[in-house]
Amino acid sequence: GSVLRSTLDAALQRYASALLQRHLLALRQRNVQDGALLVLDNASGDILAWVGSSGALSVAANVDGVTALRQAGSTLKPFLYQLALQQHYLTAASLLDDSPLDLQTAAGLYAPQNYARDFKGPVSVRSALGATLNIPAVRTITMVGPTALRDRLYALGLHSLQQDGDYYGYSLALGAADVRLIELANAYRTLAQGGLYSAPRWTLAQPQ
């Protein structure tokens with residue numbers, strides 16, 4: 001018989017669900033069937049909308065994409081560059097070499113590639129992040145180290161990263177690790193808050 005007050009905004013929840021449906025319908029020809037959406041209030045951490053799947057469009061409609069583990073991909077790059085800037089390895093104008101790279105690791109030779117399979121030559125950090133280039137990101141993680149990046153991400157709430165930095169290696173710069181959308185979205189919220197972390201919330205205090 002108790003009353004539970006949610007942070008969800010009913011109108012925004014309906015809009016978010018419809019928006020995800022429209023977006024996936026537009027991508028149907030590319031065999032994209034599912035997605036998830038989370039809206040957080042930057043200041044409070046309130047969860048305003050939570051859409052875990054595309055429903056009828058999905059082949060796994062009961063899987064909650066907000067909490068399920070998925071590879072992070074390039075979404076981790078802003079945190080990598082922020083760490084490199086904070087530690088004074090780089091500035092936004094520093095040049096990184098976007099050219100073929102071979103790194104010897106314990107697992108063998110690691111040769112990252114850009115998505116477009118081409119090379120830009122010297123590029124600024126600002127441009128490398130804006131164009132989400134892979135090779136400059138890998139060069140950056142060789143400066144800060146996989147352990148430092150993993151620890152920073154964990155401190156930002158990405159607690160799905162249970163292994164140490166050596167486990168993920170240089171590929172952590174390219175998001176070769178499974179994270180949860182709710183963790184990732186809140187990490188971006190922490191950036192928006194100038195580095196001040198707090199956990200997201202989905203319930204409000206009951207009125208006295």
Side-chain angles (χ1 to χ4, degrees), residues 27 30-38 52-53 58-60 63-87 89-90 94 96-121 123-191 195 197:
L27 294 173
R30 301 184 184 181
N31 201 32
V32 178
Q33 299 175 329
D34 213 346
L37 192 154
L38 184 74
S53 82
S58 172
V59 295
V63 175
D64 186 350
V66 174
T67 58
L69 291 171
R70 293 288 186 271
Q71 279 212 340
S74 292
T75 58
L76 299 186
K77 288 175 182 173
F79 306 106
L80 168 65
Y81 287 116
Q82 186 275 331
L83 182 59
L85 267 62
Q86 180 184 4
Q87 296 183 346
Y89 287 107
L90 299 168
S94 296
L96 292 166
D97 186 14
D98 183 25
S99 63
L101 176 63
D102 295 329
L103 293 172
Q104 191 64 46
T105 71
L109 195 65
Y110 179 51
Q113 298 289 326
N114 290 323
Y115 183 79
R117 298 283 178 176
D118 63 0
F119 306 101
K120 309 294 185 186
V123 293
S124 68
V125 168
R126 185 181 291 108
S127 297
L129 177 57
T132 190
L133 299 174
N134 288 341
I135 294 174
V138 174
R139 292 190 188 276
T140 301
I141 198 174
T142 64
M143 302 176 194
V144 303
T147 296
L149 177 58
R150 180 269 174 195
D151 291 349
R152 170 57 56 86
L153 294 170
Y154 195 88
L156 287 168
L158 276 74
H159 295 160
S160 49
L161 300 178
Q162 291 290 317
Q163 306 297 327
D164 61 23
D166 290 338
Y167 174 86
Y168 301 107
Y170 297 130
S171 63
L172 184 58
L174 308 184
D178 293 333
V179 302
R180 294 179 173 86
L181 175 59
I182 190 169
E183 297 174 339
L184 183 61
N186 198 56
Y188 271 90
R189 173 180 158 254
T190 303
L191 281 184
Y197 171 85

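Computed from a predicted structure; not experimentally measured.
Between Arg150 and Asp164 there is no salt bridge, since no side-chain nitrogen of the basic residue lies less than 4.0 Å from a carboxylate oxygen of the acidic one.
Applying the side chain to side chain contact (heavy atoms under 4.5 Å, CB included) rule to Asp102 yields the partners Leu109, Ala111; only residues at least two apart in sequence or on another chain are considered. The salt bridge (Lys or Arg N to Asp or Glu O under 4.0 Å) check on Lys77 picks up nothing, with sequence neighbours excluded. Every residue was checked against the salt bridge (Lys or Arg N to Asp or Glu O under 4.0 Å) condition with Arg152, not counting sequence neighbours, and none meets it.
Between Val66 and Glu183 there is no side-chain heavy-atom pair separated by less than 4.5 Å. Within the 4.5 Å cutoff, the side chain of Leu101 has heavy atoms near those of the Pro112 side chain. Contact annotation: the side chain of Gln87 approaches that of Val144 to within less than 4.5 Å [non-hydrogen atoms, C-beta and beyond]. Side-chain contact between Phe79 and Leu158 is absent, with no heavy atoms from C-beta onward closer than 4.5 Å. Counting heavy atoms from C-beta on, the side chains of Asp166 and Thr147 come closer than 4.5 Å. Looking only at side-chain heavy atoms (C-beta outward), Val123 and Asp97 stay at 4.5 Å or farther from each other. Using a 4.5 Å cut-off on side-chain heavy atoms (C-beta onward), Tyr115 and Leu133 make no contact.
Counting only distance, with no hydrogens or angles, the side chain of Asn114 and the backbone of Ile135 share a donor-acceptor pair below 3.5 Å. With Thr140 contributing its side chain and Pro136 its backbone, the two residues share a donor-acceptor pair below 3.5 Å. Using a distance-only test at 3.5 Å, with no hydrogens or angles considered, no donor-acceptor pair links the side chain of Thr132 to the main chain of Leu129. Proximity of a side-chain donor or acceptor of Tyr81 to a complementary backbone N or O of Ala137 within less than 3.5 Å is detected. The closest donor-acceptor contact from the side chain of Asp34 to the backbone of Ser53 lies at 3.5 Å or more, if one exists at all. Judged purely by atom type and a 3.5 angstrom limit, Tyr89 has no side-chain atom pairing as donor or acceptor with the backbone of Ile141.
Distance CG/Asp98 to OG/Ser124: 11.5 Å, rounded to 0.5 Å. A distance of 11.0 Å separates CG in Leu156 from OH in Tyr188, rounded to the nearest 0.5 Å. With rounding to the nearest 0.5 angstrom, the CG atom of Leu174 is 11.0 Å from the CD atom of Gln113. One finds the CG atom of Leu76 at 6.5 Å from the CG atom of Leu184 (value rounded to the nearest 0.5 Å). In this structure, OH in Tyr168 is found 9.5 Å from CG in Leu153, a value given to the nearest 0.5 Å. From Asn186, atom CG reaches atom CG of Leu181 across 10.5 Å, with rounding to the nearest 0.5 Å.
Minimum interatomic distance between Ile182 and Leu38 (heavy atoms only, all atoms of both residues): CA-CD2, 3.7 Å. The nearest pair of heavy atoms linking Pro146 to Gly165 is CB-O, 3.4 Å. When all heavy atoms are compared, the tightest approach of Ala72 to Val179 is CB-CG2, 3.7 Å.
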For Lys120 and Asp118, run side-chain contact (heavy atoms from CB on, under 4.5 Å): C-alpha distance rounded to whole Å, both residues' side-chain angles, the deciding distance at 0.1 Å, then the answer.
CA-CA 7 Å; Lys120 309 294 185 186; Asp118 63 0; 3.4 Å; yes

Give the C-alpha distance, both sets of side-chain angles, the deciding distance and a yes or no for side chain to side chain donor-acceptor pair (under 3.5 Å) between Arg139 and Ser99.
CA-CA 10 Å; Arg139 292 190 188 276; Ser99 63; 3.2 Å; yes

Please step through side-chain contact (heavy atoms from CB on, under 4.5 Å) for the pair Val125 and Leu96, ending with a clear verdict.
CA-CA 7 Å; Val125 168; Leu96 292 166; 3.8 Å; yes

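Using a 30° and 60° split on the angle between ring planes, Tyr110 and Tyr170 fall in the parallel class, below 30°.
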